Amino acid sequence: MLWDYIFVGGGLSASVVSNRLHHFNSSLKILVIEAGGNANNDESVMWPNSTNLIGGEYDWKYKTVPQVALNNRNVDLPCGKALGGGTVINSGGWIRGDKYDFDLWGDLVDDHRWSYAGLLPYMKLSEDCPVDNPKEHGKDGPLPIQGIISTHREFPLRNQTLESWEAVGVQLLPNVDGNAGNPLGIGDLFENKLKGRREIASNNFPLGGVTVLTKTMVAKVLLSTPTASSQEPEATGVKLANGTEIQGKEIILSAGAIRTAQLLMLSGIGPADELKKFNIPVRVSQPDVGKNFQDHGLFASLWTLKNPSAGYAVTSPNPLWNLPQYGYGTPADFLVTTSITDKAGLAAAIEKDEGKKPDPKTHPLLKTNRTFNEHVFMYTGTPDGTTVTIMLINLLPTSKGSVTLNSSDINDVPNINPNYHSTEVDKFVAREGMRLQIDFLSSNKTALGRDIIAGELGATGFTETFTTESTDAYIDARIAAGLASTFHPMGTAAMGKVVDTNLRVKGVKKLRVVDTSVFPVTITAHLQVATYATAYQAADIIYSDNCSK
Ligand SMILES: Cc1cc2nc3c(=O)[nH]c(=O)nc-3n(C[C@H](O)[C@H](O)[C@H](O)COP(=O)(O)OP(=O)(O)OC[C@H]3O[C@@H](n4cnc5c(N)ncnc54)[C@H](O)[C@@H]3O)c2cc1C
C-alpha cells in the first residue's frame with residue numbers, strides 16, 4: 001500500500017489535519033500512527049476528578065534534565081501518549097493568548113497567514129464559544145467551550161476576588177473576555193469541556209475514513225537516496241520501531257515538540273555535530289532542530305484561610321460544592337493576565353542578560369505592554385479545607401532550551417532541557433508576578449488580604465513564608481525550589497528556521513511538521529487554541545499545495 005499521507009503521532013494536531021484532509025477528499029488514503037492507545041471512550045479520563053491523567057497510562061511521564069537554575073531538579077514534564085495526544089490528559093484551559101504574539105510570528109516569517117488576522121478565522125472555526133461576539137468568536141465549531149459565567153458558577157469569593165484584583169491595579173476586561181486578542185486584565189476562565197466532560201481531539205475531529213494504528217511507535221522517516229539529478233532527499237515512508245517499513249507520498253510529523261525533534265534527528269535531519277555523536281548519517285544539516293525549546297514555568301503557593309468554617313475551599317462541607325456545575329472544571333472565578341509594571345526593573349534585567357542597555361522604544365519586551373504572567377486563584381488546597389491556592393504562570397520566558405539525543409534509538413527518551421529561569425528577565429518577571437500575588441492575597445489594600453486570608457502556608461525547607469516584606473532573595477529561592485512545568489513544550493522545529501511557512505521541512509521533499517514544534521515565537525498562552533488553529537490552517541495549506549499540482 002502506498003499511503004497519500006502518513007501522520008507520525010496521532011495527537012491534537014494529527015487529529016485535526018487528518019480529519020480535515022479526509023473531509024476535503026474522502027478518497028485520500030490517510031494513515032495515522034500513534035504510539036499510545038485509544039482513549040476516545042475511556043471514562044477514566046473524561047472528568048475533572050479522573051485519576052488516570054498525569055502519571056497514568058496515557059502520559060509519557062517525561063522528566064527534564066537537571067535544571068541548573070532550579071537547584072538542579074529534574075522537573076516532571078507530562079505529555080499525552082494516546083490518540084488525541086495532550087487532549088487526553090490536559091486541563092482543557094481554552095486560552096487564546098495575545099494578538100501581539102501571532103503578529104510577531106507573521107512578521108518574523110513574513111507570511112501573514114500566521115498573524116492574528118490570519119489565524120483568527122481558524123480560531124473561530126474550531127470553537128463553539130458562549131461569548132456573543134461574532135468578530136472574535138465562533139459558535140459552530142466542533143469544540144464546545146464552557147466559561148465560569150456560562151456554566152452559572154458563582155464561587156463564594158467572586159466579589160472579593162474581583163475587588164482585590166482591581167485594588168492591586170488589574171482591570172476587568174470587556175465582556176470579561178481574555179480570548180479576544182487582548183488578554184491583559186481579568187477574564188472569565190474558559191475551558192474546552194462540555195459540562196465538565198473532556199473533549200478529546202480525535203473525538204471532536206472524528207477519524208472515520210482515516211486508518212489509525214495505535215500502540216505503534218515510529219522510529220524514523222525514510223528518505224530517498226540522492227541521485228545525480230536531485231540531491232535533495234524526499235521522504236518516502238516511515239520505519240516503525242519493530243522494523244516494519246511503510247511507504248507514503250507525504251509524511252507529516254505531529255509527534256509533539258519533544259518527539260518530532262527526536263524523529264527528525266534520528267532520520268538524519270538536524271545539527272550535524274549532534275547526529276555524529278550517535279553515528280547517524282547526516283542527510284540534511286539543520287542546525288536549529290531541537291533548539292529554541294521553551295515551556296512555561298508554573299509556581300503554586302497555598303494560602304491559609306482566616307475562617308475555614310466559612311466553606312470557601314472545595315474540600316469544606318459547604319453544600320455549594322455538591323451542586324453539579326461546581327464539578328465541571330477548575331474551581332476559579334477568573335483567569336488574570338498581567339504585563340510588567342516596573343519597566344525600569346525589566347530594562348535592568350534585560351541589560352544583565354544582553355550586556356547592553358535596551359532601547360525602550362525598540363526592544364521587543366519593552367516597546368509595548370506584552371503578556372508576561374498569568375494568575376489563577378483557586379478554591380482548592382490542602383485536603384482539610386483550610387487553604388486555597390494561587391498559580392503563577394510565566395508566559396513569556398526568555399530562557400531557551402533544547403531537545404538533544406540520548407542515543408540513536410527512538411525508545412530512549414531524548415534529553416529534555418527547557419532551561420527554566422536561566423535568564424535574569426525570567427527571574428525578574430516571576431518575582432514581579434509573585435509580589436503582585438502577595439499584595440492581592442495579603443495586603444491591607446485588598447478585601448482578601450483584610451478579611452479572608454491569614455497568610456501563606458509556606459513550603460518544606462523554608463522557615464519564612466511569603467509576606468509583603470519578602471526579599472528578592474527569598475522569592476527567588478522559593479521559586480527555584482518550587483517551579484514546575486505548565487506542560488507546554490514548543491519551538492523545536494521553528495517556522496522560518498526548520499520548516500517554511502507551508503510547514504515543509506527545509507531541504508527535504510514531501511516532509512512536513514504540524515505540531516507545537518513549529519511555533520517560532522513564544523505563545524503567551526496555554527497552547528491548545530494556537531495548536532488547533534495551526535492545524536486547521538495546515539490542513540488547508542497541505543490540501544491546496546497538493547491540489548494545485
Ligand atoms: C497534563 C497537561 C495539561 C495541559 N493543559 C492544557 C490546558 O489546560 N490548556 C491548553 O491549552 N493546553 C494544555 N496542555 C497542552 C496541550 O495539550 C498541548 O500543547 C497539545 O496537545 C500539543 O499538541 P501536539 O499536536 O503538538 O502534540 P500532542 O497532542 O502531544 O500529540 C503528539 C502525539 O504524538 C505521539 N507520538 C510521539 N512520538 C511518537 C512516535 N515516535 N511514534 C508514534 N507516535 C508518537 C504521542 O504519543 C502523542 O499522542 C496540557 C498538556 C498536558 C500534557
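Just so you know, ligand 1 is whichever comes first in the structure, and atom 1 is the first atom listed for that ligand. Predicted model, so just to flag it, every value in this text is computed and none were measured.
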Logged contact type for N192 with ligand 1, heavy-atom cut-off 4.0 Å, is neither
Would you kindly specify which portion of A82 sits under 4.0 Å from ligand 1, judged on non-hydrogen atoms: side chain, backbone, both or neither?
-> backbone
For G80, take its heavy atoms, then give the atoms of ligand 1 lying under 4.0 Å from any of them.
-> 46 (C), 47 (O), 48 (C), 49 (O)
Is E191 touching ligand 1 with its side chain, its backbone, both, or neither, if touching means heavy atoms under 4.0 Å apart?
-> neither
Side chain, backbone, both or neither: the part of H526 lying under 4.0 Å from ligand 1 by heavy atom | both
Does R512 pair with D545 as a salt bridge, N-O distance under 4.0 Å?
-> yes
Does any N/O atom on K81 come nearer than 3.5 Å to any N/O atom on ligand 1?
-> no
Do the ring planes of H137 and F190 sit parallel (below 30°), tilted (30 to 60°) or perpendicular (above 60°)?
-> tilted
Distance to 0.1 Å, residue and atom name: give those for the protein heavy atom nearest to atom 7 (C) of ligand 1.
-> G93 N, 3.5 Å
Ligand 1-proximal atoms of S254, by part, heavy-atom distance under 4.0 Å | backbone
heavy-atom search around atom 47 (O) of ligand 1 in the protein gives E34 OE2, 2.7 Å
Fit a plane to each ring of Y326 and W321, take the angle between them on a 0 to 90° scale, and name the class: parallel (under 30°), tilted (30 to 60°) or perpendicular (over 60°).
-> perpendicular
How far is atom 14 (N) of ligand 1 from its nearest protein heavy atom, and which residue and atom is that?
-> N90 CB, 3.7 Å
Reference residue I410; test side chain to side chain contact (heavy atoms under 4.5 Å, CB included); the match among L240, L263, V218 = L263
Would you say V8 and ligand 1 have an N/O pair spaced under 3.5 Å apart?
-> no
Show which atoms of ligand 1 fall inside a sub-4.0 Å distance from at least one heavy-atom site of I33.
-> 43 (C), 44 (N)
Indicate whether atom 1 (C) of ligand 1 is within a distance of less than 4.0 angstrom of some protein heavy atom.
-> yes
Short question: side chain of S13, backbone of A535 - any donor-acceptor pair under 3.5 Å?
-> no
Proximity of Y543 and Y5 rings by center, below 6.0 Å | no
Which segment of T531 sits under 4.0 Å of ligand 1 when only heavy atoms are counted | side chain
Where does W60 meet ligand 1, judged by heavy-atom distances below 4.0 Å: at the side chain, the backbone, both, or neither?
-> side chain
Lys/Arg-Asp/Glu bridge criterion (N-O < 4.0 Å) met for E245, K220 = no
Tell me which part of C79 gets within contact of ligand 1: side chain, backbone, both or neither, using heavy atoms under 4.0 Å.
-> backbone
Options V518, L266, T516, ranked by nearest heavy atom to atom 22 (C) of ligand 1, top entry | T516
Parallel, tilted or perpendicular: ring planes of F155 versus Y379, cut at 30 and 60 degrees | parallel
For residues F299 and Y420, establish whether the separation of their ring centroids is below 6.0 Å.
-> no
